[in-house]
There are 2 protein chains.
Amino acid sequence: METRLDLVFAALSDPTRRAILTMLLEDDMAVTDVAEPFEMSLAAISKHLTILSRAGLIAQEKRGRVKWCKLDPGALREASVWMQGFGQFEPVNLDAFERFLEEELRDDSI
Amino acid sequence: METRLDLVFAALSDPTRRAILTMLLEDDMAVTDVAEPFEMSLAAISKHLTILSRAGLIAQEKRGRVKWCKLDPGALREASVWMQGFGQFEPVNLDAFERFLEEELRDDSI
DNA sequence: CGTTTATTTAACCGATTGGTTGACGATTGA
DNA sequence: TCAATCGTCAACCAATCGGTTAAATAAACG
């Protein structure tokens, strides 16, 4: 049986999908706009979005012919709680988060 | 380029590996003892441990013919920080963590 | 209406994953 | 010394993954 946690961590293990989540932090986006910065086909991005959606990390809503993608951090909380158990981590450190985002965006060359 | 974050999330996406980490929360263990509760070969567990090790989630030290595995939550912190950015999560909630562990151990039928 | 735009689906590909078995090297202890 | 134990390695397998291209569906536009 594939648990929610399996799906969430598997979804997060791909840098393209993490970059997509980071983009969606800024704003909701249509599929085509999500795909624009990446050097891969729209079909590939569509698959990534399906994976993020099944993991519960994003929600997709179709309005007209456009499908809007929005972040849905609920599933992340589960995974976060799981991880928190493994160390006495400092309270949320947003500065460190910003540094990671910058690094990710640089590395992924998007 | 495969980043640390890729490796950590990929490592966490497998329920067997998460169960191993949970076991190592209790105590350091030899490879054979890690393998004992699982219905799979020692070689398979050895592979899982290699994956956890490469991700930086555990450290392995060989003493004599016994290889000891211990939790190394450093890499988890990185991933945790990354995730924390996506929601205003409550501060560390260890009760919730305990519930997750129970559920995981039940579901994985180890 | 016909065309363009938005997105998914299907078929395919090579690489990776998670497991197996069997052989192997290294260490231990009688 | 010799057998047992600890753990990895190599070869193999089916299933999944991340990507492609081409066709299909659906909505909007002129």
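Lettering of chains follows the sequences in order, A, B, ..., and the numbering in each one begins at 1.
- Dashed line: the shortest gap from a side-chain N or O of B:Ser46 to OP1 or OP2 of D:dT8 is under 4.0 Å.
- Comparing atom distances between the A:Met40 side chain and each of C:dT8, D:dG19, C:dG19 picks out D:dG19 as nearest.
- Rounded to a whole Å, the CD atom of A:Glu39 is 15 Å from the C1' atom of D:dG18.
- For B:Gln60, the side-chain atoms get nearest to D:dT8 when compared with the rest of D:dG18, D:dT8, C:dA6.
- Listed nucleotides C:dA6, D:dG18, C:dG19 differ in distance to A:Arg17; the shortest reach to its side chain belongs to D:dG18.
- Side-chain proximity of A:Ala43 to the nucleotides C:dT7, C:dT9, D:dG7 is greatest for C:dT9.
- A:Trp68 has its CH2 atom 12 Å from the C1' atom of C:dA6, to the nearest Å.
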| Between A:Val31 and A:Cys69, is a side-chain contact (heavy atoms from CB on, under 4.5 Å) present by the stated rule, with each step listed? | CA-CA 7 Å; A:Val31 173; A:Cys69 308; 4.0 Å; yes

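- Nearest to the side chain of A:Val31, among C:dT7, D:dG18, D:dT20, sits C:dT7.
- Residue A:Asp6 contributes atom CG, which lies 14 Å from atom C1' of D:dT16 at whole-angstrom precision.
- Annotation for B:Leu52 and B:Ala11: closest pair CD2-CB, 4.2 Å, computed over non-hydrogen atoms.
- Put simply, CD on A:Glu36 is 15 Å from C1' on C:dA6, counting in whole angstrom units.
- The side chain of A:Lys67 places no N or O atom within less than 4.0 Å of a non-bridging phosphate oxygen (OP1 or OP2) of C:dA6.
- Considering all non-hydrogen atoms of both residues, B:Ala75 and B:Gly56 come closest at CB-O, 3.5 Å.
- Looking at A:Arg17, its side chain does come within 3.5 Å of a backbone N or O of A:Ala10 through a donor-acceptor pair.
- Put simply, CD1 on A:Ile51 is 13 Å from P on D:dT16, counting in whole angstrom units.
- Atoms CG (A:Leu42) and P (D:dT25) sit 18 Å apart, rounded to a whole Å.
- Distance B:Lys62 NZ to C:dA26 C1': 6 Å, rounded to the nearest Å.
- Interface remark: the A:Lys47 side chain does form a donor-acceptor pair with the D:dG19 base, using a distance-only criterion of under 3.5 Å.
- The base of C:dT7 has none of its N or O atoms less than 3.5 Å from a complementary donor or acceptor on the side chain of A:Arg65.
- Looking at heavy-atom distances under 4.0 Å, B:Ile45 makes no contact with the nucleic acid at all.
- Residues B:Leu12 and B:Arg18 approach most closely at O-NH1, 2.8 Å, considering heavy atoms.
- The nearest whole Å value for the distance from the CD atom in B:Glu61 to the C1' atom in D:dC6 is 16 Å.
- Put simply, A:Ser41 has a side-chain N or O that comes within less than 4.0 Å of OP1 or OP2 on D:dT20.
- A heavy-atom distance below 4.5 Å is not found between the side chains of A:Trp68 and A:Lys62.
- Between D:dG19 and A:His48, a contact under 4.0 Å exists linking OP1 or OP2 to a side-chain N or O.
- Of the two residues near DNA chain D, A:Ala44 and A:Gly64, the one whose nearest nucleotide lies more 5' is A:Ala44.
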